[in-house]
Amino acid sequence: MTTHSTPLPGGTWTLGDSVVTRFGYGAMQLAGPWVMGPPADPEGARSVLRNAVGLGITHIDTSDAYGPRVTNELIRKALHPYPESLFIATKVGATRDAQGGWPTARRPADIRKQVHENLESLGVETLDLVNMRMGDAQGPGPGSITEAFETLADLQQQGLIRHLGVSNVTAEQVAEARRVTSIVCVQNMYNLAHRHDDDLVDRLAADGIAYVPFFPLGGFTPLQSEALSKVASRLQATPMSVALAWLLHRSPNILLIPGTSSTVHLRENLAGAGLTLPEEDLAELDSIGH
Ligand SMILES: NC(=O)c1ccc[n+]([C@@H]2O[C@H](COP(=O)([O-])OP(=O)(O)OC[C@H]3O[C@@H](n4cnc5c(N)ncnc54)[C@H](OP(=O)(O)O)[C@@H]3O)[C@@H](O)[C@H]2O)c1
């Protein structure tokens, strides 16, 4: 596979022992509708993945719960044997039910099972990164992460995982996880319009920990805002490009994992994320989330 050599927007970030492009790719949208079952066009989905890597992206975010199993198998079929530079982050903590729900599965036995399922479906002996996902579809909730995270730390000690992170968590759960062992990232919902984690982003940046916003473009209902449309039209850019450029500008520890099932959107997002945002536009964009 030929890869692109021009630096991607935002440059790189070091996650543990690996350097990744800050512009990554979130693979969830490659599964079927509502992240259940296979996509209508599996070859098209594999082609998006090959294009992502071909364009120079070295960070892909996934989960065996997507499909379930569908997204990981698309990644393996499209990209295995993986290029040395590719870093694949996955997550555990939820499974799927027949209705497409995301029941939590966080007992030690559940976590061990999910780690082994990810190893198998991705076709690797060691996972680059596993995020412990807490909360539910409504977002983070109360509850201790310690037992679940100790299980992951044990699997890491066994050599099955290189790096650990946490997802869909409160600031207290981040602190609790860090008392168990070190983490390289936090993956929470965050975008121009959803900024509950503003303080957390800054605190993690000071500690050299990455913040990986999920739903960077708004998720299943992409971001829509008058201010965003106005800024985009002034800059002759797409609203999605402005939303991604704003995240890259927001803090150096932010890593992007925008999702798309379209190579056209992938290229458009990659081309647009390097946009420079003048001060007046930043001020207008700031008003969206406040
Ligand atoms: N930890 C967690 O609990 C959690 C939860 C949710 C997601 N995630 C991760 O976060 C990643 C990103 O989330 P996401 O993919 O759901 O949401 P997202 O990146 O915010 O948005 C994806 C949506 O935006 C659309 N889109 C992308 N580029 C576009 C463009 N240029 N123009 C118009 N529409 C565009 C996509 O449609 P098209 O397919 O048509 O481009 C898709 O519907 C996921 O892939 C997953 O890895 C994690």
Side-chain angles (χ1 to χ4, degrees), residues 23-36 39-41 44-45 47-49 51-52 57 59-68 70-72 74-75 87-96 101-106 114 118 129-141 165-170 173-174 185-194 197 210-224 228-229 232 237-247 254-273 275:
F23 193 105
Y25 174 72
M28 187 177 85
Q29 302 287 346
L30 293 182
W34 300 104
V35 203
M36 281 299 277
D41 175 12
S47 161
V48 173
L49 286 161
N51 275 302
I57 289 172
H59 175 208
I60 293 180
D61 185 78
T62 185
S63 165
D64 209 44
Y66 299 161
V70 168
T71 300
N72 279 5
L74 286 168
I75 292 173
F87 187 99
I88 302 178
T90 189
K91 56 190 82 71
V92 295
T95 55
R96 304 303 297 281
W102 302 77
T104 56
R106 297 202 279 262
Q114 289 166 64
N118 273 284
L129 168 72
V130 177
N131 280 310
M132 182 63 232
R133 180 185 181 273
M134 300 293 285
D136 56 26
Q138 272 64 55
V166 290
S167 177
N168 214 12
V169 280
T170 62
Q173 288 160 343
V174 174
C185 67
V186 173
Q187 182 178 128
N188 272 2
M189 180 173 173
Y190 183 82
N191 58 46
L192 254 178
H194 187 101
D197 272 352
Y211 184 91
V212 186
F214 75 74
F215 292 163
L217 300 173
F220 293 99
T221 313
L223 291 169
Q224 282 182 324
L228 177 58
S229 302
T238 65
M240 300 295 119
S241 303
V242 174
L244 294 174
W246 178 84
L247 283 168
I254 287 190
L255 309 186
L256 302 183
I257 51 163
T260 180
S261 53
S262 141
T263 296
V264 172
H265 286 168
L266 173 73
R267 287 181 186 278
E268 201 176 288
N269 295 345
L270 192 51
L275 194 69

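Counting convention: from 1, in listed order, for ligands and their atoms alike. Not measured: the values here are computed from a predicted model.
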### Query
Any side-chain heavy atom of Thr95 within less than 4.5 Å of one from Pro68?
no
### Task
Could you tell me the separation between the CZ atom of Phe23 and the CG atom of Leu270, rounded to the nearest 0.5 Å?
5.0 Å
### Task
Check for a donor-acceptor pair, side chain of Asn168 on one end and backbone N or O of Met134 on the other, with a separation under 3.5 Å.
yes
### Donor-acceptor contact present, side-chain Glu268 to main-chain Met240, <3.5 Å
no
### Query
Judged by atom type as modelled, is there a donor-acceptor pair below 3.5 Å linking the side chain of Lys91 to the main-chain atoms of Thr62?
yes
Can you list every pair where an N/O of ligand 1 is under 3.5 Å from an N/O on the protein?
residue, atom, partner, partner atom, Å
ligand 1, 1 (N), Ser167, OG, 2.7
ligand 1, 1 (N), Gln187, OE1, 3.0
ligand 1, 3 (O), Arg133, NE, 3.0
ligand 1, 15 (O), Gln29, NE2, 3.4
ligand 1, 15 (O), Gly259, N, 3.4
ligand 1, 16 (O), Gln29, NE2, 2.9
ligand 1, 19 (O), Gly259, N, 2.8
ligand 1, 20 (O), Pro216, N, 3.2
ligand 1, 20 (O), Leu217, N, 2.7
ligand 1, 20 (O), Gly218, N, 3.1
ligand 1, 20 (O), Gly219, N, 2.8
ligand 1, 28 (N), Asn269, ND2, 2.9
ligand 1, 31 (N), Glu268, OE2, 3.2
ligand 1, 31 (N), Asn269, OD1, 2.8
ligand 1, 39 (O), Ser261, N, 2.8
ligand 1, 39 (O), Ser261, OG, 2.6
ligand 1, 41 (O), Thr260, OG1, 2.5
ligand 1, 41 (O), His265, ND1, 2.6
ligand 1, 45 (O), Gly26, O, 3.2
ligand 1, 45 (O), Ala27, N, 3.3
ligand 1, 45 (O), Met28, N, 3.0
ligand 1, 47 (O), Asp61, OD2, 2.6

### Query
Parallel, tilted or perpendicular: which fits the ring planes of Tyr190 and Tyr211, with parallel below 30° and perpendicular above 60°?
perpendicular
